Amino acid sequence: MSILELPKVELHLHLEGAAPPTFIRGLAQEKGVPLEGVFDDDGHYQYKDFWDFLKVYEAATACLQTPQDFARLTTAVLEECAANGVVYAETFLAPDFCGGGDVAAWKEYLHAIQEAADAAERDLGVTLRGIVTAVRHFGADQSRKTALCAAETAGDWVVGFGMGGDEKYGEPKDYAYAFDMAREAKLQLTSHAGEWNGPDEVRASIRDLGIKRVGHGVRAIEDADLIREIKDKGVALEVCPGSNVALGVYSSWDKHPIDLLRKSGVTVSVSTDDPPFFHTTMKNEYDMLNKTFGWDESIFRELNKSAISSAFCSEETRSEIEKKLEAA
Ligand SMILES: O=c1[nH]cnc2c1ncn2[C@@H]1O[C@H](CO)[C@@H](O)[C@H]1O
């Protein structure tokens, strides 16, 4: 089987960040929302660096205003996932963009998102689960509101709690209260770390937030003790190589540490992060990993098996997806 056609598991996907540009432009036009500076002349998302990317991301998200808009977004994103052979995805959902952290409003948005996801599972064969996500640069107070939204909707579908955004803002321990609240609600935990900051950020996030997965985490490669700790604790890294190259964390694919991380025995998975922003897809990630590091079918099969084993879903869902992976 061609590696591009393999069934795939994707654990690190921001829902708004996966919005196709045509979808955002259509919605902005419908609602009369100006989108200055969001797109270049060719209609692609444009940004100067990571911090500008965060601003453009938030500007594009401004035209997503109702639960129905998020339902349509979910459908558009899952169509892309299915076209790339993704059979299971976990997506970051930010209550900040879905009612501003108000629990009642969040429940309405979530209901709409879940309905669209159920339809896509039925029609396209792609299973989605949600990770409610705080945005770090919105601050620790806001992260508590987000954690309350997460705790109030924790269950079979909202399976995790996480944090994304600017890791140069504050410190992991500032967000410990939010992560504690989520843990008490039986949510599984992940946080972005070691994308822009170095190994100490990953170490502090594992220690102070009790996370079992790290978003990116790639800069852990700079510290052999940390690599040992990550393996000992069974922490898995959600690696997004195309994102890291597009944003300039690494200057080219051949400088990316994913192959070294895998060879050192760290559990890694592969995701697209915010695919249209980074001109990537899951098929493109596989293609580039194959071309750059010679990853073959057996490595990709191994990768997907270990990704589903570190997924946050129920055991029942996990074994259904495992069957799908084995059947192909
Ligand atoms: O590549 C990334 N690195 C760090 N944070 C990100 C990235 N992509 C998106 N977000 C953050 O996630 C939030 C929504 O889930 C976005 O608001 C953005 O701050």
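Keep in mind it's a predicted model, so treat the numbers as computed, not measured. In listed order, ligands and their atoms are each counted from 1. Numbering of residues begins at 1 and proceeds along the displayed sequence.
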- Query: Between Asp141 and Lys145, is there a salt bridge with N-O shorter than 4.0 Å?
  - Reply: no
- Task: Can you run down the side chain to side chain donor-acceptor pair (under 3.5 Å) pairs that involve residues 118-127, sequence neighbours left out, and say none if there aren't any?
- Result: Glu121-Thr127
- Query: Looking at Phe278 versus Phe53, is the centre-to-centre ring distance below 6.0 Å?
  - Reply: yes
- Message: Taking ring-ring contact (aromatic ring centres under 6.0 Å, His included) as the definition, give me every residue that meets it alongside Tyr177, ordered by chain and number, with sequence neighbours left out.
- Response: none
- Hey, do the aromatic rings of Phe92 and His12 have their centres closer than 6.0 Å? yes
- Message: Does anything in residues 33-53 form a side chain to side chain donor-acceptor pair (under 3.5 Å)? List the pairs, not counting sequence neighbours.
- Response: Trp51-Asp166
For ligand 1, list all ligand N or O to protein N or O distances below 3.5 Å, rounded to 0.1 Å.
unit_1   : atom_1 : unit_2 : atom_2 : d
ligand 1 : 1 (O)  : Glu195 : OE2    : 3.4
ligand 1 : 1 (O)  : Asp273 : OD2    : 2.7
ligand 1 : 3 (N)  : Glu195 : OE1    : 2.9
ligand 1 : 3 (N)  : Glu195 : OE2    : 3.4
ligand 1 : 5 (N)  : Gly165 : N      : 2.9
ligand 1 : 8 (N)  : His14  : NE2    : 3.4
ligand 1 : 8 (N)  : Asp274 : OD2    : 2.8
ligand 1 : 12 (O) : His14  : ND1    : 3.1
ligand 1 : 15 (O) : His14  : ND1    : 2.8

